[in-house]
Number of protein chains: 2
Amino acid sequence: MRARVSTASVSRVLNGSGAVTEPTRQRVLRAAQYLRYTPHEAARSLITRRTRTIGVLLPDIHGEYFSELIRGIDRAARLRGLHLLVSSSHGDAGEAALALRAMNGRVDGVLVMSPYLNAKSLDAALPSTLPAVLLNTPEQAGRAPAFVIDDFGGAKAMVEHLRALGYQRIAHIAGPEGNYESAERLRGFQAALGRTLSGRALVLAGNFTEESGYQAGQQLAAAAPRPDAVFAANDMMAIGCLLALREAGVRVPEDIALTGFDDIPIARYITPPLTTVRAQTTELGRQSLEELAHAIEDRESARPDRHTLSTQLVIRESCGQAQRRAR
Amino acid sequence: MRARVSTASVSRVLNGSGAVTEPTRQRVLRAAQYLRYTPHEAARSLITRRTRTIGVLLPDIHGEYFSELIRGIDRAARLRGLHLLVSSSHGDAGEAALALRAMNGRVDGVLVMSPYLNAKSLDAALPSTLPAVLLNTPEQAGRAPAFVIDDFGGAKAMVEHLRALGYQRIAHIAGPEGNYESAERLRGFQAALGRTLSGRALVLAGNFTEESGYQAGQQLAAAAPRPDAVFAANDMMAIGCLLALREAGVRVPEDIALTGFDDIPIARYITPPLTTVRAQTTELGRQSLEELAHAIEDRESARPDRHTLSTQLVIRESCGQAQRRAR
DNA sequence: TTTTCGCTGGTAAACGCTTACATTCGAACC
DNA sequence: GGTTCGAATGTAAGCGTTTACCAGCGAAAA
């Protein structure tokens with residue numbers, strides 16, 4: 001059109017397909033540059049039925065946990081030349097479903113992290129032809145593969161470690177109810193205590209926020225008999241708890257051991273450094289994106305497998321291992 | 001088509017435009033639900049020339065700074081029903097330009113944060129019809145409004161505060177060269193010291209990472225005479241510096257005062273809590289998105305203004321104010 | 001020189017919507 | 001009851017690409 005050629009030739013040049021002679025190629029390229037021409041992606045994806053974009057559905061972008069997750073996803077996406085359409089803050093299933101619909105025709109597949117959403121409502125919300133990968137999802141949703149952190153195993157290992165150090169009365173600050181990860185970590189806590197103990201175990205309510213950890217810490221400081229160790233369902237609550245204990249004059253780890261879950265960056269820097277469970281969050285993002293990319297390229301290959309990412313105990317000072325060993 | 005109606009009526013029902021009788025409306029709605037029909041967004045935006053999506057170009061998603069920024073953007077976008085297409089890790093201008101082109105036809109406008117990119121190359125990369133808002137950008141780029149943090153003012157206030165506390169030899173750990181924010185913070189540092197002092201002021205090289213702060217801290221610990229205060233260009237470097245000082249047996253704030261910039265969450269939790277400059281990062285994200293949304297709705301209204309967001313001194317313990325006052 | 005063949009480059013259909021315009025149909029008016 | 005009018009619905013064009021298919025053209029073969 002602009003360089004005395006048809007739209008077809010332009011398309012062929014820009015996509016490197018078809019056969020064009022060098023002179024034509026140059027003419028088109030020059031003209032494109034001159035006119036600052038950029039193909040309209042919406043039109044392109046309308047006909048190619050490919051958007052080279054991945055939808056990412058998150059419950060919230062708040063906090064370091066999600067920043068790590070997105071980072072893993074973003075890196076992997078960038079490596080594959082994929083774009084990311086993010087959507088967050090989906091409190092309930094309805095909102096998530098709405099966001100999912102709005103992505104139709106905009107994305108080639110979706111990455112869904114929805115700890116409150118069960119398999120059924122998810123299946124209902126997902127256009128059945130859209131490749132999807134689930135993150136930290138409760139149940140196995142029929143058709144989509146899932147990637148989950150081994151919350152149960154990590155929590156169990158943490159509490160077993162505390163028991164091995166000789167702590168007798170171990171309390172737990174739980175995450176929000178109805179949340180899959182909360183439930184798994186609680187289950188791990190109980191499993192480590194065993195049948196006899198877990199009935200008497202102290203479990204405090206929390207909702208993953210620092211504030212709720214702080215409140216739990218106040219209760220713990222006042223409790224009689226006071227537990228000698230606490231396992232919080234995530235690091236932010238452990239930190240809130242630490243602050244409350246400090247205010248109450250209860251020393252960590254001398255008077256009470258304290259541990260968390262996630263290994264967010266702050267955990268290393270507080271005093272005392274927090275013993276915690278490292279979840280491979282970045283890796284979770286990376287692997288799930290890779291799986292989704294595969295599923296998109298070859299729909300047949302998609303198996304609704306459930307991949308569990310292992311966790312790792314990160315022993316720092318808040319669990320009092322050094323003191324215990326010294327004795 | 002499915003409910004004995006034409007595509008036009010379906011469109012009218014789904015968009016709430018045009019006139020349709022209630023019975024028809026119900027028929028369409030029922031059929032749509034039954035067939036799980038969702039309009040194809042790419043096709044829709046091809047004709048409406050609206051995507052209801054904002055492109056976000058960031059240098060990197062790493063760290064809490066960006067997580068805060070995205071959060072502000074995301075919230076504002078969600079309030080307006082806009083989607084976010086994020087793209088990160090653009091080291092140089094070429095990569096950024098490439099990412100920008102790939103967004104053509106996918107977004108209604110872009111939010112660009114590119115501390116290394118100057119106005120000229122940006123203007124060249126942006127399709128001139130695409131509304132854009134710049135974040136923390138060096139120069140005023142011709143047509144786009146810009147939102148910047150008052151790095152100069154914040155740094156100046158911080159260093160003036162240190163001087164007011166009586167510190168005599170104040171060092172600076174600088175950010176990466178060629179970075180706009182680094183340069184502004186350094187300029188603020190120098191301005192606060194005044195003409196006479198700034199020539200002799202100790203400025204250490206850094207690149208915003210904890211590691212570079214650590215190295216600067218080692219140098220500071222060994223320096224003779226040792227400065228009595230340090231202002232790091234961001235919090236992560238201040239933290240790295242703190243660790244190095246601690247290892248070297250130099251106490252903060254007794255032996256040396258330490259301050260940072262950004263007020264990332266960690267700053268509150270380390271020991272001693274870090275005195276720093278709070279940048280309204282979330283607000284920066286929110287305001288810039290609002291401005292962009294306005295520019296999209298009404299292109300005429302877009303003025304290439306430069307908005308500067310004020311900063312706030314956050315006095316904690318690492319600057320030794322308490323000790324100084326006590327004397 | 002004529003025929004055939006291979007490659008380049010053009011024409012037009014199709015992607016799934018929105019919307020201007022045409023058509024239909026019922027009601028109201030004369 | 002026929003005409004007019006307006007509201008409801010249908011028809012079809014067009015958004016900017018890609019690509020199947022076809023035409024044209026020059027070189028090689030006969």
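Letters go in sequence order (proteins before strands), and every chain restarts at 1. Please read all numbers here as calculations on a predicted model, not as lab measurements.
- One interatomic measurement links the two molecules: CZ of B:R50 to P of C:dT19, which rounds to 12 Å at whole-angstrom precision.
- Take the nearest nucleotide of DNA chain D for B:I47 and for B:T21: the residue whose nucleotide is more 5' is B:T21.
- The nearest whole Å value for the distance from the CD atom in A:E22 to the P atom in C:dC7 is 17 Å.
- Looking at heavy atoms from C-beta onward, B:I70 lies out of side-chain contact with A:V86 at the 4.5 angstrom threshold.
- The side chain of A:T24 contributes an N or O atom lying less than 4.0 Å from OP1 or OP2 of C:dG9.
- Counting heavy atoms from C-beta on, the side chains of A:P59 and A:M113 come closer than 4.5 Å.
- Rounded to a whole Å, the CG atom of A:L14 is 15 Å from the P atom of C:dG9.
- Listed pair B:S45 / D:dC15 fails the phosphate criterion, with no side-chain N or O lying under 4.0 Å from OP1 or OP2.
- Comparing B:E41 and A:S9 by the nucleotide of DNA chain C whose heavy atom lies nearest to each, the residue mapping closer to the 5' end is A:S9.
- Among the nucleotides D:dT17, C:dT19, C:dG10, the one closest to the side chain of B:A8 is C:dT19.
- Counting all heavy atoms, side chain and backbone alike, A:R80 lies closest to A:R52 at O-NH2, 2.9 Å.
- Atom C1' of nucleotide D:dG16 and atom CG of A:L35 are separated by 15 Å, given to the nearest angstrom.
- Atom CZ of B:R49 and atom C1' of D:dG16 are 8 Å apart (whole Å).
- Rounded to whole Å, the distance from CZ on A:R44 to P on C:dC15 is 19 Å.
- Evaluation of atom-type donor-acceptor distances gives a pair under 3.5 Å for the side chain of B:R12 against the base of D:dG10.
- Summarising the geometry, the separation between CZ on A:R106 and P on C:dC17 is reported as 13 Å, rounded to the nearest angstrom.
- The backbone N or O of A:T7 sits nowhere less than 3.5 Å from a side-chain atom of A:S11 that would complete a donor-acceptor pair.
- Separating the CG atom of A:L46 from the P atom of C:dA13 is a distance of 17 Å, rounded to the nearest angstrom.
- Within a 6.0 Å sphere centred on CD of A:E22, heavy atoms belonging to other residues, nucleotides or ligands number more than 12.
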